Amino acid sequence: MDIQVTNREDGWRLDKFVMEKTPEWISRTFIQKAIKNGEVLVNGTSKKPSYKVKSGDTITLTVPEKPQIPDVLPENIPLDIIYEDKDILVINKQPGIITHPIPSHTSGTIVNAVLYHCKDLQGVGGVLRPGIVHRLDKDTSGVMVIAKNDLAHQSLTKQFKDRLTEKIYACLVKGVPSKNEGKIEINIARNPLLRVKMTVTESEYGKPAQTYYKVARKFGNIASFVLAYPKTGRTHQIRVHMKYIGHPLLGDEVYGRAKEDERFDIHRQMLHALSLSFYHPRTEKRMKFIARIPEDFARAIVNIERFLEMGNTTRI
């Protein structure tokens with residue numbers, strides 16, 4: 001593939017440029033090796049990974065085929081259904097289950113469960129992600145909407161793209177933010193050293209991200225119950241933004257110190273999609289759905305309260 005460098009990317013490192021332009025399933029190691037082996041060319045010439053690309057440069061590289069995923073099959077996995085009609089299915093996603101199949105995980109997903117529940121869903125929105133218009137991370141619980149037909153899929157996809165949906169997340173974070181409410185606005189990009197991880201950045205290669213938050217409850221200086229209102233939908237947005245202001249989510253293995261949080265019987269990031277609002281694809285009526293807090297989240301709160309009752313007040 002040939003990629004033209006634009007004014008926006010002028011001055012970027014070659015390895016960073018290539019990582020930004022290739023699919024996320026291609027590893028950083030593969031890209032670095034390809035550049036060093038002369039398999040990535042700048043205007044027909046091999047360069048070092050640190051080479052600063054210039055506007056107008058043509059970058060040539062060969063992208064390997066994406067690993068094939070076997071046919072996605074229906075599986076009898078229980079769904080916690082909040083609402084359903086002929087167009088949409090709204091569920092309270094349990095933690096520990098991924099939204100759709102990936103090469104390393106082809107079964108036991110929300111898609112497998114939905115295909116079993118909705119017999120005629122196959123093909124709506126694509127073979128690998130039928131009905132999916134947004135997703136939650138594996139260890140994030142809460143409300144999700146699934147499109148049951150093309151009308152719903154097109155409408156909901158556009159609403160998420162145009163930011164007509166409203167999302168509220170509940171989270172338990174380490175410590176207490178200095179402000180009871182505020183706005184976090186800083187770009188988010190894929191971490192150049194670890195592509196499965198995201199990071200904040202002030203450079204142009206990041207994507208704009210904005211999160212409002214409000215502290216709903218404080219547990220001494222130990223932790224806080226925070227409501228987050230993301231206005232954009234970047235990967236790991238709330239997790240990355242809360243870490244950026246010094247208050248990572250409890251139980252977050254990637255952006256926090258999950259091992260320390262096990263004392264509260266926390267074994268995943270404490271993030272729950274509490275509510276989701278959107279316009280119904282057919283009636284255009286505004287609808288709002290709330291997903292109850294899961295047991296492990298509620299149990300974590302009780303354990304933190306007990307920790308405080310024992311006289312522990314120091315931030316963990």
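Keep in mind that what you see is a predicted model, and the values were worked out from it rather than measured. When a residue number appears, it is its place in the shown sequence, counting from 1.
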Check your understanding: Quick one: does H272's side chain have a donor or acceptor within less than 3.5 Å of a partner on A291's backbone?
Key -> yes
Review point. Honestly curious: do L41 and M1 fall in one hydrophobic cluster under the side-chain, below-4.5 Å linking rule?
Key: no
Check your understanding: Less than 4.5 Å apart, any side-chain heavy atom of L61 and any of K21?
Key -> no
Practice item. Treating Ile, Leu, Val, Met, Phe, Trp and Tyr as nodes and any side-chain heavy-atom pair under 4.5 angstrom as an edge, say whether Y279 and I290 lie in one connected cluster. Key: no
Point to revise | Sidechain N-carboxylate O distance under 4.0 Å for R135, D137 | key: yes
Check your understanding: Out of curiosity, T6 OG1 to E9 CD, how far, rounded to the nearest 0.5 Å?
Key -> 3.0 Å
**Study point:** Under 3.5 Å: donor-acceptor pair, side chain of R268, backbone of D139
**Key:** yes
**Study point:** Connected-component partners of V133 among ILVMFWY, side-chain separation under 4.5 Å
**Key:** I82, Y83, I88, V90, V143, V145, L156, F160, L276, F278, M287, F289
Review point. Transitively linked via ILVMFWY side-chain contacts under 4.5 Å: Y116 with I77?
Key: no
Review point. Do you know which two heavy atoms are closest between N112 and P101, and how far apart they sit?
Key: OD1-CG, 4.4 Å
Practice item. Answer with yes or no whether the hydrophobic clustering places M144 together with I81; edges join I, L, V, M, F, W, Y residues whose side-chain heavy atoms lie under 4.5 Å apart. Key: yes
Review point. Is the closest side-chain heavy-atom distance between L227 and E181 below 4.5 Å?
Key: no
Practice item. Using only heavy-atom distances, determine whether the side chains of T199 and N191 contain a donor-acceptor pair under 3.5 Å. Key: no
Review point. Quick one: which of K243, K207, Q237, H236 gives a side chain to side chain contact (heavy atoms under 4.5 Å, CB included) with M198?
Key: H236
Check your understanding: Are Y212 and K231 close enough, and set up right, to give a side-chain contact (heavy atoms from CB on, under 4.5 Å), and what steps lead you there?
Key -> CA-CA 8 Å; Y212 288 84; K231 299 303 178 183; 3.7 Å; yes
Check your understanding: Are any non-hydrogen side-chain atoms of P49 and R13 less than 4.5 angstrom apart?
Key -> yes
Practice item. Decide yes or no for E253 and Q269: does some side-chain heavy atom of the first lie under 4.5 Å from some side-chain heavy atom of the second? Key: no
Exercise for review: Only counting residues at least two apart or in another chain, list the ones meeting side chain to side chain contact (heavy atoms under 4.5 Å, CB included) with K47.
Suggested key: L14, V42, T45, Y51
Check your understanding: Are L172 and F219 close enough that some pair of their side-chain heavy atoms sits under 4.5 Å apart?
Key -> yes
**Study point:** E75, CD atom: more than 12 neighbouring heavy atoms under 6.0 Å
**Key:** yes
Practice item. Report, as yes or no, whether the 6.0 Å neighbourhood of atom CE on M310 holds more than 12 heavy atoms from other residues, nucleotides or ligands. Key: no
**Study point:** Sub-4.5 Å side-chain heavy-atom contact between P130 and V72
**Key:** no
Check your understanding: Has the side chain of N43 got a donor or acceptor atom that lies under 3.5 Å from a matching backbone atom of T58?
Key -> yes
Check your understanding: Hey, is NZ on K214 packed in by over 12 heavy atoms from elsewhere, all under 6.0 Å?
Key -> no
Review point. Do you reckon L151 sits in the same ILVMFWY cluster as I146, going by side-chain contacts under 4.5 Å, direct or chained?
Key: no
Practice item. Using a 4.5 Å cut-off on heavy atoms from C-beta on, say whether the side chain of E260 contacts that of L250. Key: no
Exercise for review: Inspect the surroundings of CZ in R257 and state if more than 12 heavy atoms from other residues, nucleotides or ligands are less than 6.0 Å away.
Suggested key: no
Practice item. Say whether T140 and R239, considering side chains only, have a donor N or O and an acceptor N or O under 3.5 Å apart. Key: no
Point to revise | Heavy-atom check, side chain of L274 versus side chain of I293, under 4.5 Å | key: yes
**Study point:** Under-4.0 Å salt bridge between K148 and E84
**Key:** yes
Exercise for review: Please answer whether the main-chain N or O of K183 pairs with a side-chain N or O of K179 as donor and acceptor at a distance below 3.5 Å.
Suggested key: no
**Study point:** Residue pair D87, H280: steps toward the side-chain contact (heavy atoms from CB on, under 4.5 Å) verdict
**Key:** CA-CA 9 Å; D87 298 302; H280 190 280; 3.4 Å; yes
Exercise for review: Check whether any side-chain N or O of T109 sits under 3.5 Å from a backbone N or O of V111 as a donor-acceptor pair, and report yes or no.
Suggested key: yes
**Study point:** Exceeds 12 heavy-atom contacts within 6.0 angstrom, atom OH of Y229
**Key:** yes
Practice item. Please determine which of L136, I91, I98, L115 meets the side chain to side chain contact (heavy atoms under 4.5 Å, CB included) test together with I110. Key: I91
Practice item. Run the numbers on H241 and I188 for side-chain contact (heavy atoms from CB on, under 4.5 Å), then give the verdict. Key: CA-CA 9 Å; H241 272 176; I188 290 178; 3.8 Å; yes
Exercise for review: Answer yes when R282 and D85 have at least one side-chain N-carboxylate O distance shorter than 4.0 Å, and no when they do not.
Suggested key: no
Check your understanding: When you look at CD of Q4, are more than 12 heavy atoms from neighbouring residues, nucleotides or ligands closer to it than 6.0 Å?
Key -> yes
Exercise for review: State whether a side-chain donor-acceptor pair under 3.5 Å links Q154 with T157.
Suggested key: no
Check your understanding: How about K52: does its NZ atom have over 12 heavy atoms from other parts shown lying under 6.0 Å from it?
Key -> no
